[in-house]
Amino acid sequence: MFDGCLIMGFHTLNYPSYKLGYVNTDRTLYKTRSNRVLAMPPSTFLLNTDEGGKSGSNTASTSNDSDNSLLSLDNTVGIIGGVSVDSTLKFMRKIVQWGSRDEDSIPFVLCSDPMLSKDLLSHERSSLPSLSGRKTERTQVDPTRIADNLRSKRVFLENSGARCVVMPCHISHSWHEEVSKGCNVPFFHMGECVAKQLKEAKLKPLEAGSPLRIGVLATNATLTAGFYQEKLQNEGFEVVLPDKATMEHTVVPAIEAISRKDIEGARNLLRIALQVLLVRAVNSVILASDDMRDLLPHDDPLLKKCVDPMDALAWSTIKWAQSAEIGK
């Protein structure tokens with residue numbers, strides 16, 4: 001293991017060269033080498049902490065002595081990685097592809113910590129009831145430790161030059177309120193982003209005289225945290241959640257099937273869970289689980305009834321970044 005950060009800067013979209021550097025937090029050491037990368041975003045730094053979660057406050061000042069930050073652009077986005085590296089990369093790809101103008105793309109700083117990912121995953125799994133009838137030992141993670149870790153990442157990103165911060169991870173938003181305290185830059189909430197997106201869509205109730213109903217399908221930990229329900233209700237929506245029977249007989253078994261690599265079984269269970277919500281006259285279903293969302297093919301009719309909070313967060317981030325660039 002090493003005590004430091006991996007910093008990668010990308011400068012063009014057409015087979016650019018990049019510099020790969022290692023900054024040691026104990027000794028001043030920085031080495032670079034050139035290589036070729038295909039279609040990577042410009043003006044980008046990826047910061048990956050070691051497995052001990054160390055990123056080192058002196059790392060930022062090492063990279064830019066002029067303003068003590070890695071990036072000085074007014075529209076720099078700070079990204080805190082979550083449970084899944086794949087989900088984080090998908091989010092990054094969205095803001096790069098959807099937010100690119102000509103050859104320019106949105107600059108961002110990514111902080112990805114393997115220990116934080118493990119803690120978030122353990123927290124999520126600990127809230128999942130076992131249907132096997134056997135008692136399983138699950139590691140209980142102190143929520144305070146997760147909140148402190150997320151807060152330290154937020155502070156690090158601000159010090160690195162981020163002008164706004166996002167967390168493309170559902171379960172991380174359980175601590176959004178705590179982590180955002182003292183933040184000096186916009187800190188987008190995925191629940192607020194998707195609720196506002198649905199509000200702006202000007203949906204009409206499926207039944208005359210009924211309120212607008214939005215379903216939420218997610219893991220037990222995300223539903224228990226309640227932030228999607230809160231943000232949707234703040235916008236005037238009636239929230240419909242899976243009932244106990246649906247959770248026990250479809251959602252939880254689908255998650256267990258995913259862990260067993262039984263993709264077809266998980267897909268069939270997810271379809272049942274979605275249909276149960278849709279027959280309750282919901283306009284759309286917020287599918288707040290990347291693992292479950294990836295089960296359905298892109299042309300699946302049920303997927304067209306679903307809303308991806310990651311998309312809403314990406315568009316909110318892009319809108320902010322483009323307005324910040326124009327206003328500079």
Side-chain angles (χ1 to χ4, degrees), residues 82-84 87 120-121 123-133 136 138 169-174 189-195 197-198 201 203 205-207 210-260 262-297 300-313:
V83 173
S84 168
S87 294
L120 289 169
L121 183 59
H123 173 80
E124 196 165 49
R125 286 177 174 173
S126 67
S127 67
L128 184 67
S130 175
L131 300 181
S132 62
T136 57
R138 293 190 172 115
C169 172
H170 302 285
I171 195 61
S172 293
H173 282 73
S174 302
H189 190 294
M190 192 148 51
E192 286 183 356
C193 293
V194 72
Q197 181 188 69
L198 289 168
L203 303 172
L206 297 182
E207 297 178 346
S210 298
L212 282 168
R213 296 190 181 102
I214 302 297
V216 180
L217 192 60
T219 63
N220 191 61
T222 299
L223 292 178
T224 301
F227 52 85
Y228 279 115
Q229 298 92 302
E230 176 190 351
K231 302 303 181 183
L232 287 167
Q233 289 168 353
N234 289 345
E235 293 294 341
F237 294 107
E238 180 180 308
V239 181
V240 179
L241 302 179
D243 57 23
K244 183 178 180 182
T246 303
M247 289 297 294
E248 290 181 351
H249 298 298
T250 59
V251 178
V252 174
I255 295 171
E256 291 191 342
I258 292 173
S259 65
R260 297 193 308 269
D262 179 10
I263 304 304
E264 187 61 32
R267 183 180 295 121
N268 292 334
L269 289 166
L270 174 60
R271 286 190 172 119
I272 294 173
L274 287 171
Q275 289 167 348
V276 169
L277 283 176
L278 290 169
V279 297
R280 296 169 66 184
V282 300
N283 288 72
S284 301
V285 177
I286 292 178
L287 190 48
S289 168
D290 296 322
D291 286 339
M292 286 192 281
R293 187 175 183 83
D294 290 342
L295 291 173
L296 299 178
D300 193 298
L302 281 175
L303 199 57
K304 296 178 181 179
K305 296 286 187 177
C306 297
V307 178
D308 187 354
M310 290 287 188
D311 288 353
L313 181 64

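This structure is a prediction, so every number in the text was calculated from the model and none was measured. We number each residue from 1, following the sequence as shown. These values consider heavy atoms only, across backbone and side chains, with no hydrogens, waters or symmetry-generated copies.
To the nearest 0.5 Å, the span separating CG on Asn220 from CE on Met247 amounts to 5.0 Å. Expressed to the nearest 0.5 Å, how far CZ of Arg125 lies from CD1 of Ile171 amounts to 13.0 Å. Residue Leu302 holds its CG atom at 12.0 Å from CG of Leu295, rounded to the nearest 0.5 Å. In this structure, the separation between OG1 on Thr246 and CG on Leu277 is 7.0 Å, given to the nearest 0.5 Å. With rounding to the nearest 0.5 angstrom, the CD1 atom of Ile272 is 11.5 Å from the NE2 atom of His249. Separating the SG atom in Cys169 from the CD atom in Glu124 is a distance of 7.5 Å, to the nearest 0.5 Å.
Arg271 contributes no side-chain N or O that, together with a main-chain N or O of Leu296, makes up a donor-acceptor pair within less than 3.5 Å. With hydrogens and angles disregarded, a donor-acceptor distance shorter than 3.5 Å links the side chain of His173 to the backbone of Met190. Within the 3.5 Å criterion, the main-chain N or O of His123 finds a donor-acceptor partner in the side chain of Ser126.
In terms of heavy atoms, Asp243 sits closest to Arg280 at N-NH1, 4.1 Å. The shortest non-hydrogen separation linking Thr219 to Ser289 is CG2-OG, 4.5 Å. What you find for Ser172 and Leu120 is that their closest heavy atoms are OG-CD1, 3.4 Å. Between His189 and Phe227, the shortest heavy-atom contact is CE1-CD1, 3.8 Å. Closest approach of Ala273 to Thr250, counting heavy atoms only: CB-OG1, 3.6 Å. Of all non-hydrogen atoms in Leu217 and Pro242, the two that sit nearest each other are CD1-CG, 3.5 Å.
Residues Leu223 and Leu241 are in side-chain contact: their nearest non-hydrogen atoms beyond the backbone lie under 4.5 Å apart. At a threshold of 4.5 Å between non-hydrogen side-chain atoms, the residues Ile286 and Pro309 count as touching. Side-chain contact between Leu270 and Arg293 is absent, with no heavy atoms from C-beta onward closer than 4.5 Å.
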With side chain to side chain contact (heavy atoms under 4.5 Å, CB included) as the criterion, how do Val239 and Tyr228 come out once you've worked through the C-alpha distance, each side chain's angles and the decisive distance to 0.1 Å? CA-CA 9 Å; Val239 181; Tyr228 279 115; over 6 Å; no
For the pair Asn268 and Glu264, evaluate side chain to side chain contact (heavy atoms under 4.5 Å, CB included) and give the outcome as yes or no after the intermediate values. CA-CA 6 Å; Asn268 292 334; Glu264 187 61 32; 3.6 Å; yes
Show your reasoning for whether side chain to side chain contact (heavy atoms under 4.5 Å, CB included) applies to Leu278 and Lys305. CA-CA 8 Å; Leu278 290 169; Lys305 296 286 187 177; 4.0 Å; yes
Side chain to side chain contact (heavy atoms under 4.5 Å, CB included) between Leu274 and Cys306: does it pass, once the steps are laid out? CA-CA 9 Å; Leu274 287 171; Cys306 297; 3.8 Å; yes
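Every residue two or more places apart in sequence or in another chain that forms a salt bridge (charged side-chain N to carboxylate O under 4.0 Å, His left out) with Arg213 is listed here: Glu207, Glu238. For Ala195, the side-chain contact (heavy atoms from CB on, under 4.5 Å) test picks out Lys231, Leu232, Glu235, with sequence neighbours left out. Remark: Leu212 pairs with Leu203, Pro205, Phe237, Asn283 by the side-chain contact (heavy atoms from CB on, under 4.5 Å) rule, at least two apart or across chains.
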